Amino acid sequence: MIVVRFAPSPTGYMHIGNLRTALLNYMFAQKKKNEGEDVSFVLRIDDTDRERSKPEYEAAVYDCLKWMGMKWDRLEHQSARLARYDEIVERLKAEGRLYACYETAEELEYKRRRRLARKLPPVYDREGLRLTAEDRAKLEAEGRRPHYRFKLDYEEMAWDDMVRGHCSYHGEYLSDPIVVREDGTLPYLLPSVIDDIDFGITHVIRGEDHVTNTAVQIQMFKALGGKIPVFGHPPLLTGKEGKLSKRTGSVNFMELRDEGIEPMTVACLLSSIGTSDATPVEKTLEALADHFDLSKFGRAQPRFDTQDLFKLNPRIVRDLSLETVNDRLAQKGMPAVDARLWEAVAPNLTKLDDLTGWIDRCSAGKVFSVPDEDRAFARTAAALLPDGAFDENTFALWTAALKEKTGRKGRDLFHPLRMALTGLEQGPELKALLPVLGREETVSRLQG
RNA sequence: GACCCUAUCGUCUAACGGUUAGGACAUCGCCCUCUCAAGGCGGUAACACGGGUUCAAAUCCCGUUAGGGUCGCCA
């Protein structure tokens with residue numbers, strides 16, 4: 001059984017970095033599923049921060065995953081598991097793994113700065129560990145409330161990362177992390193480990209910004225007797241101007257969706273950026289997952305450029321199946337199109353929305369003005385339409401006859417036809433458009 | 001400052017001691033063609049720098065430079 005998780009904090013809208021993490025986890029699981037394994041994708045909402053968590057952000061997470069076609073097998077909220085976390089905290093306190101500290105945030109900040117000034121690593125000095133019961137009583141008498149730190153063993157923490165290979169850190173260089181705040185709430189680190197154990201997470205795929213956390217969390221897994229998952233830390237994406245954080249990453253999926261970017265465009269690009277694979281063009285996440293392999297990812301940070309989505313989108317759009325296209329039209333309350341229209345127009349689209357313009361342009365009863373000098377030619381053309389089937393061969397037969405009759409050729413021959421039939425200088429091949437219009441409509445447009 | 005990670009065409013990257021340094025996207029040219037696309041064919045284009053090691057280095061080692069991550073009572 002393979003169990004992965006995506007654990008967003010609903011304190012802001014999903015951005016491209018979040019989305020990529022979600023997708024990478026999903027792709028990893030889907031690949032295993034394609035290979036016949038049992039898999040589960042857990043969506044865990046890290047909503048312990050009551051102040052900053054907002055329902056609309058959480059809703060956006062669901063919308064985003066659904067938009068891209070990612071389905072989760074299990075949904076959990078950290079806010080519903082507080083009692084469980086307390087239980088573990090009490091256990092660790094009893095085991096002496098957690099120790100009370102009384103510095104204020106300001107005092108800690110001062111200590112950090114002082115160590116930095118002395119060119120020392122700004123790690124916590126473990127003052128709390130040296131406090132006697134009397135010291136603590138005295139501090140509490142002063143009105144101080146304790147926060148608790150997790151005591152790190154000074155040993156090597158190593159793991160084989162699915163992306164980075166062998167990784168190793170030493171406890172000595174790391175600060176004992178605070179796991180219980182002064183107000184009794186818990187920061188990210190410990191609850192995440194508790195959840196990973198309780199939900200049976202087997203593989204944790206998250207950004208490179210978590211590698212040091214992984215070292216610390218490995219000690220927590222050990223302290224809790226849980227099975228340590230396999231980790232994979234792909235490098236963070238960078239933006240054109242450097243970092244791609246919350247701000248540059250303001251590229252959220254809603255904007256992309258509204259600009260006509262297909263979900264599969266985003267999926268194809270995000271699942272392959274950072275690998276040497278040619279960007280795959282696939283219709284479904286299932287098919288896309290076949291290309292996926294975390295070991296294909298490099299360790300350097302790739303540059304993500306939104307423009308690449310716009311370059312890829314036309315390739316994704318014209319590859320869309322007729323069924324998908326009609327589903328999407330139906331969602332907008334529009335009637336279905338037939339295969340001939342779709343195939344004629346698809347190579348000319350940059351986004352699916354452009355299709356509606358061509359549907360309208362091909363609909364019955366349209367007349368486009370023909371310049372006076374071409375009016376007679378258009379009439380002649382109408383009269384020369386070949387009898388019999390009106391199909392993809394019709395155009396060649398028709399224009400050959402027209403060429404012979406009028407002596408026109410090249411642009412003089414074709415341009416007036418295009419203008420009369422579509423009203424535009426450019427567009428899909430007339431050969432393909434003719435059967436879409438049909439004989440009757442073709443004639444009426446030519447006769448103006 | 002400490003601990004980690006990274007450095008190859010414009011971009012994403014392959015190469016795991018010996019290659020004409022490969023591919024994809026972009027770009028340019030040609031073909032197709034009524035147009036714009038699409039499609040087909042082809043071209044331009046890269047080993048950050050300096051030292052070693054070696055018969056041989058993009059590849060291994062050291063240094064320099066340049067990026068990045070972490071060092072939060074954020075997640």
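So that the names make sense, note that chain A is the first sequence line, chain B the second, and so on, each numbered from 1. Note that the structure is predicted; figures quoted are calculated from it, not measured.
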Using the [atom1] atoms only, state how far [M] lies from [N], rounded to an integer number of Å.
{"N": "B/rA75", "M": "B/rA38", "atom1": "P", "result": "48 Å"}
{"N": "B/rA21", "M": "B/rG63", "atom1": "P", "result": "30 Å"}
{"N": "B/rC30", "M": "B/rA37", "atom1": "P", "result": "14 Å"}
{"N": "B/rG10", "M": "B/rG51", "atom1": "P", "result": "24 Å"}
{"N": "B/rA14", "M": "B/rC60", "atom1": "P", "result": "13 Å"}
{"N": "B/rA57", "M": "B/rU20", "atom1": "P", "result": "15 Å"}
{"N": "B/rC25", "M": "B/rC34", "atom1": "P", "result": "27 Å"}
{"N": "B/rC16", "M": "B/rG72", "atom1": "C1'", "result": "40 Å"}

A/D176 and A/Y99: side chain donor to acceptor below 3.5 Å:
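Looking only at side-chain atoms, A/Y99 and A/D176 do form a donor-acceptor pair, the distance falling under 3.5 Å.
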Looking only at side chains, do A/W159 and A/D161 share a donor and an acceptor under 3.5 Å apart?
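Yes.
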Regarding [X], tell me which of base, sugar-phosphate or nothing describes its non-hydrogen contacts under 4.0 Å with the strands shown.
{"X": "A/K296", "value": "nothing"}
{"X": "A/L116", "value": "base"}
{"X": "A/G427", "value": "base"}
{"X": "A/E429", "value": "base"}
{"X": "A/R113", "value": "nothing"}
{"X": "A/P187", "value": "sugar-phosphate"}
{"X": "A/E172", "value": "nothing"}
{"X": "A/R118", "value": "nothing"}
{"X": "A/H147", "value": "base"}

Are the aromatic ring centres of [X] and [Y] under 6.0 angstrom apart?
{"X": "A/Y26", "Y": "A/F41", "answer": "yes"}
{"X": "A/H210", "Y": "A/Y188", "answer": "yes"}
{"X": "A/W398", "Y": "A/F390", "answer": "no"}
{"X": "A/F292", "Y": "A/F28", "answer": "no"}

Whole angstroms only, please: what is the [atom1]-[atom2] distance between [X] and [N]?
{"X": "A/R52", "N": "B/rC74", "atom1": "CZ", "atom2": "P", "answer": "8 Å"}
{"X": "A/R303", "N": "B/rG68", "atom1": "CZ", "atom2": "C1'", "answer": "11 Å"}
{"X": "A/L430", "N": "B/rC36", "atom1": "CG", "atom2": "C1'", "answer": "12 Å"}
{"X": "A/L186", "N": "B/rA75", "atom1": "CG", "atom2": "C1'", "answer": "13 Å"}
{"X": "A/L269", "N": "B/rA24", "atom1": "CG", "atom2": "P", "answer": "17 Å"}
{"X": "A/R206", "N": "B/rG69", "atom1": "CZ", "atom2": "C1'", "answer": "13 Å"}
{"X": "A/L312", "N": "B/rC25", "atom1": "CG", "atom2": "P", "answer": "10 Å"}

Are A/R149 and A/Y124 in a cation-pi contact, defined as NZ or CZ under 6.0 Å from the six-membered ring centre and within 45° of the axis?
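Yes, cation above the ring, under 6.0 Å and within 45°.
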Strictly by Watson-Crick or wobble contacts shorter than 3.5 Å, is anything paired with [N], and which nucleotide is it?
{"N": "B/rA48", "value": "B/rU64"}
{"N": "B/rA38", "value": "none"}
{"N": "B/rU54", "value": "none"}
{"N": "B/rC32", "value": "none"}
{"N": "B/rU8", "value": "none"}
{"N": "B/rG1", "value": "B/rC71"}

Mapping A/F395 and A/H166 to their closest nucleotides on RNA chain B, which lands nearer the 5' end?
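Its nearest nucleotide lies further toward 5', so the answer is A/H166.
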Name the residue closer to the 5' end of RNA chain B, choosing between A/S272 and A/P428 according to the nucleotide with the nearest heavy atom.
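Nearer the 5' end of the strand: A/S272.
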Using a cut-off of strictly less than 4.0 Å, decide whether A/R181 has a side-chain nitrogen or oxygen near OP1 or OP2 of B/rC74.
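Looking at the OP1 and OP2 atoms of B/rC74, one of them is under 4.0 Å from a side-chain N or O of A/R181.
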Below 4.0 Å: OP1/OP2 of B/rG72 and any side-chain N or O of A/R112
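Indeed, a polar side-chain atom of A/R112 lies that close.
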Going by modelled atom types, is there a donor-acceptor pair between the base of [N] and the side chain of [X] at under 3.5 Å?
{"X": "A/R299", "N": "B/rC5", "result": "no"}
{"X": "A/N213", "N": "B/rA75", "result": "yes"}
{"X": "A/N348", "N": "B/rC36", "result": "yes"}

What do you reckon, do A/Y173 and the base of B/rC3 stack, with centroid distance below 5.5 Å and planes below 30°?
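One would not call A/Y173 stacked on the B/rC3 base.
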Decide, applying a 5.5 Å centre-distance limit and a 30° plane-angle limit (both strict), whether A/H210 stacks on B/rA75.
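A stacking contact exists, since A/H210 sits close and nearly parallel to the base ring of B/rA75.
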Quickly, which of A/F199, A/Y62, A/F6 forms a ring pair (Phe, Tyr, Trp, His ring centres under 6.0 Å) with A/W72? Name it, please.
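Of the listed residues A/F199, A/Y62, A/F6, the ring pair (Phe, Tyr, Trp, His ring centres under 6.0 Å) partner of A/W72 is A/Y62.
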